[in-house]
Every structure is written in structure tokens, then in C-alpha cells.
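By convention in this document, chain letters (A, B, ...) are assigned in the order of the sequence lines, proteins followed by strands, and residues within each chain are numbered from 1.
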Amino acid sequence: MKQRVQTLLQGILGREVVLEKPRDRSFGHFATPIAFSLAKELRKSPMLIADELASSFDGHEEFSVVEAVKGYLNFRLSENFLNEYGTWALDNPALFATQENNTKILLEYVSANPTGPLHIGHSRGAVYGNTLYRLAQHLGYDITAEYYVNDAGNQIDLLGLSIQLYAQENILGEEVEYPESYYRGDYLDSLAKGAIENFGKEILNDESRQKELALWAKDGVMELIKKDLADANIVFDTFVYESSLYSEWDRVMDKMHANDAKAIYEKDGKIWLASEAKGDDNDRVVVREDKRPTYLAGDIVYHNQKFERGYDHYINIWGADHHGYIPRVEAAVEYLGYDAKKLETLLAQMVSLLKDGEPYKMSKRAGNVILMSDIVDEIGADALRFIFASKKSDTPLEFDIEQLKKQDSSNPIFYIQYAHARIQTIISKSSLSKEEIMSASLKGFDEDADNLMFDALLLPEVVEDAFNSRQVQKLPDYLQSLAASLHKFYYDVRIIGRDDEAKLLKLLLVVALSLKTGLGLLGIQAKDFMTRKED
RNA sequence: GCGCUCUUAGCUCAGCUGGAUAGAGCAAUGCCCUUCUAAGGCAUCGGUCACACGUUCGAAUCGUGUAGGGCGUACCA
């Protein structure tokens, strides 16, 4: 809608135009401060310029009003325009707010180590990534959601050890001395029991079999993680296992070397990536003295594989604690001969927790980890998703655990759900048939109704903007304000029994479509009915 | 020390590429259920947009500096 207006304006004015939404709706649907920037070059007052511009819009039927106010040029869209658009949306609900696009995107997110179930800190990146994914799909992008499984390295060995320790203490009843680091949690119980079934009890005391145990257990952990994700409506298209990549390491090193002889070099018995020349703080070790590749080596092979698979754009969503890692991966991508600009790394900032006003440190060792599944059980996946989707992902976030757990009706998600449910209730109580409602026209509304429809039809811009700016919180913000408009309208106007019942109901259907589409993009199902809250 | 990032109402956060009087939710106070679900509506209270300087017709927004917080600064992932 905005786009159409914008291209229209550019056609008429013959230049780029900044279009904004006036704070006060009485100024119109859209406004532009164009006259201010023209004032300087034309050496005329903005008021005068705006007046002249306004008159050049005579006879354009998309607008009902174009007027100059204090130098601003304000536009109001015409009834015909809004009626046509709203009716089209109701006739083509699946197309509403969609676009055509054939850009291929690979989105990697979550990628938590397979050493335990997801905790609350993972939720943020998970919800953020999945929301971006849904937005992109809706906008027509060919997007693939991928999970990189770090099933190699120390943390996997640690998983094996942790299962052994748990079993020794809790199943075999032995005295256990705990080392510096190990994992802890209820999930180890079923893994330990499963291990006994699979391998026999001997494996629990055999230090040399830790790796074997861990490699078996990681699949079980991945199942837990997948279940946590699925319970929050988060699904992946592909999983890539770090362990499967190292066989390609030599080929990838050769590739970098062929592109740039200085990319990789040996020093002190180790192999280094010359990332400093590409803007990193230091060069980085990729193969240690004992020939074991570092984590970076795995990531280089992984990114090479990503680029070989041939996407137009790559998005990684990482925890903010990995931000120092970006330059070295970009350096590697360039040495591999690819355009590092195609790789976009977004950081999901940390979630810090409070308990009774005091900082609460989750520690796997202390066993006080707040699991994502705890929160989903407590408040539901919808509420969890809404909380994280409505916060800007790149600012740190503080949560009081108790408040998080008891978030019920104070969560704005219920406010939005209720708006949708209210519409459904009215529709079902009306004696009018769907056909009668749909044949009405969305014209002749008073100002309040007109504004409500305009608000509902803004969804496409919000969706596009939320994705392009990677600021998914714009969508929940919008839905909340649309729900507020609806609630107010509901209170002010008793619809059933009015002369213009049919077209008001049709208007509400447009609002419902917008709410439902928007919620769907957040991975939340719109509700047609809500049970009354008990006091 | 260096790099990145953040600082807006009592709390949690919005505020789009500079634009019209600084916004929401929660909290606090008051009002509205014989009306399509009160999980709702209305009203009040609450801000030197961390601070300073600069750019501009115009700054919460851009630039520089200062203060404070977070993260990073691994041959850990």
C-alpha cells in the first residue's frame, strides 16, 4: 500500500520521496516533509512549496485529500482505493502481505551444542531466527533453516564423562569426585539408562569409552532439543553435523591456498589462518600442534560447504558472546573466494536473569539451569514466543524468573488473541451469512471505522519492514496496536443490529485477517474463542 | 588497554533512512459490566531521551568526546 503510494508520488513529483506515518491520524494516512528539503534549493518557503505540490494532485482517484499543512504534505487515501484493497485481501487471504521473490537464503540459527536440552538463553535466538524465517517465507524468499550440530570437540567428550559420573553416583551408587567441568541435569538419567541397555554397565566405568558413549548419546540429546524446538513451533529443514565435515578439510585448505598463497601458513608446528590481513585482530590457529583441528577449522569447512551449495544470501544468528568470531569467519570466506558481503551475521543478545531482584547465574554445574521446556510448560509456547519476538534482538534483556513464569494475562499475546476472538464471536452471533457480509462494500465509514481499516491494511508494510530491517519486534508492536484499535472500536460501536452491520462485519473480517496472518508469522495460532478469566 | 554494543517514564521496552505536541505495556490512583466474553474501555499520575559539544531550518535519531553497563579480546565451543 505504502509502496504504491510512494511510486505514485515519485511519478508525480519526479523525485525520491520520504513517506511517513503522521503521528496524529487527523493529518492523513501518509505524509511527507518533502517541501522542507526542497525549500533550500528552490529558495522558497516550505509552506508555499507544499501548497503548490498539493494542487498537482488534483484528479488522482487514489487520494481523497491531499493538503499542505505547515509545510508537510498530507495524504488521505480514497474509499475506493481502500475498499478495493480490503476486498481483494479477503478474497485472497493466503496472498495477503505476500510478495514474489526468488532469492535463495540459508538461515542458520540455534545451533546449540548437543550436550543437553535447550535452556532459556537459547530461546531468544530460536524465536528470533524462526520469526525471521517465517517472515522470509511469507515474503516469497526461498529460505532454508539449518541447524549446525557441534558434535565434535571437547564438549562432546564432556558429555560422555557427564553420563558416566551421573550413572556412577545415581545408578551404581558409587562415590564420585567431580572434576572442574561437567554437565548435569535430569536428562542424563534416561541417557545413562539407555547406555546400560545398549552397551552394558561396563561402559559406565571405562574412561576409554567416553567418546563412544558420547557419540551415541548426542543423538538422544538432539532428539530432546528437537522436541524442545517443536514444542515452541520451531522446525528446521536441514541439520549439518560438524563431525561429518572434517574429511573435507584438506580440500578446503587447498582451495584457500589456491586462491591466495598467504591464506594459510605453518608456524610453531601449527597451521594458521591469516585472518589479520582481512581485518581480524590476530591470525588464528586452525590446526593445533597435535594435528587436532580447532573449532574454527570446522566452521571454515562448514561455510565453504554453505557457499558451495549456492545460495544468494546467508544469515547466521549467533549469541552475542560470539561476536569476536565474525571477522575470522569472514576472512575465511574471502580466502575461499566468496563474497563475504553475502554472509550476514546477526547477534542475539544475552538474556540475563534476575531472581528476587538479584542477578541469577545459570550454571550447568550447579544444576540450576532454567530450561526452555520449563517455561513452555509454565506459560505456553505462544506466550514465550511473543515475549522474545517483541523485544529487539540486539539489546540485552533482563528477566525476573518468577515474573517470567507467572506471565499470564499480563502478556500482551492474550490481548491480541482476545481481539481476534471477539471478532469471531460477533461474526458467529450475527444473523448475516458470509455471502451477505462479503458482498458489502468497505465504503461510507465514519472516521473511526476508516482508520481501523487503514490500520488493518498496514500489515504488508510491517511484514516487509520487519524482515528487511531484521527487526522482528515491529510485527508484535503492530499487532498490539491493531488489537488496541479493535478493542476500542468494539467498545464504542455495538455492531449487531445496525443498518450497516454487513459492512462493519466485513471491516472486522479484514482486521481478523490481519491479526491472524500476523500471529501466524510469529508462529502463534489465532484463537477463535477464549475462556473467561477466573478471578 | 583495545574492539563491538547499549543508556528513553518507578519497571520492561518501542520510537523506521533526522521532521509536526516523546510512545506502549506493567505498576499506582479513579471511573465504566441490565450492552456482541471486563483477558475489555476511559481518565489521572509519571520523561533535562545518561552528560557535553558539534552538524542542521530542525536531533531521542547523525558526528566527536565523557561517564556508566554488557559482551568479546583462546590453540573452548
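Both Asp528(A) and Lys474(A) lie close to RNA chain B; mapped to their nearest nucleotides by heavy-atom distance, the more 5′-ward contact belongs to Lys474(A). With the nearest nucleotide of RNA chain B identified for both Asn150(A) and Lys488(A), Lys488(A) has the one nearer the 5' end.
If you measure from atom CG of Leu475(A) to atom P of G15(B), you get 13 Å, rounded to the nearest angstrom. When rounded to the nearest whole Å, the span between NZ of Lys391(A) and C1' of A14(B) equals 10 Å.
Contact annotation: Lys392(A) side-chain N/O to G15(B) OP1/OP2 distance is under 4.0 Å. OP1 or OP2 of A39(B) has not a single side-chain nitrogen or oxygen of Arg422(A) nearer than 4.0 Å. The side chain of Tyr415(A) contributes no N or O atom lying less than 4.0 Å from OP1 or OP2 of C26(B). A close approach under 4.0 Å does not occur between any side-chain nitrogen or oxygen of Tyr491(A) and OP1 or OP2 of C36(B). Contact annotation: Gln471(A) does not reach the phosphate of A14(B) (side-chain N/O to OP1 or OP2, under 4.0 Å).
Between Lys306(A) and Glu146(A) there is no salt bridge, since no side-chain N of the basic residue sits under 4.0 Å from a carboxylate O of the acidic one. With respect to the salt-bridge test (charged N to carboxylate O, under 4.0 angstrom), the residues Glu276(A) and Arg284(A) do not qualify.
Separating the P atom of U12(B) from that of C4(B) is a span of 27 Å, rounded to the nearest Å.
Evaluation of Phe414(A) against the base of A39(B) yields a stacking contact (centre distance < 5.5 Å, interplanar angle < 30°).
Distance from the side chain of Arg284(A) is smallest for A74(B) among the nucleotides G72(B), A77(B), A74(B).
The base of G3(B) sits within donor-acceptor range of the side chain of His323(A), with an N or O pair under 3.5 Å. Put simply, the side chain of Asp151(A) and the base of A77(B) share no donor and acceptor less than 3.5 Å apart.
For C57(B), the glycosidic angle deviates from 0 by more than 90°, giving an anti base.
Scored by the side-chain contact (heavy atoms from CB on, under 4.5 Å) test, Asp455(A) finds Arg25(A), Leu458(A), Leu482(A), Ser485(A) as partners (sequence neighbours excluded).
Remark: Arg470(A) qualifies as a cation-pi partner of Phe467(A) under the 6.0 Å distance and 45° angle criteria applied to the six-membered ring.
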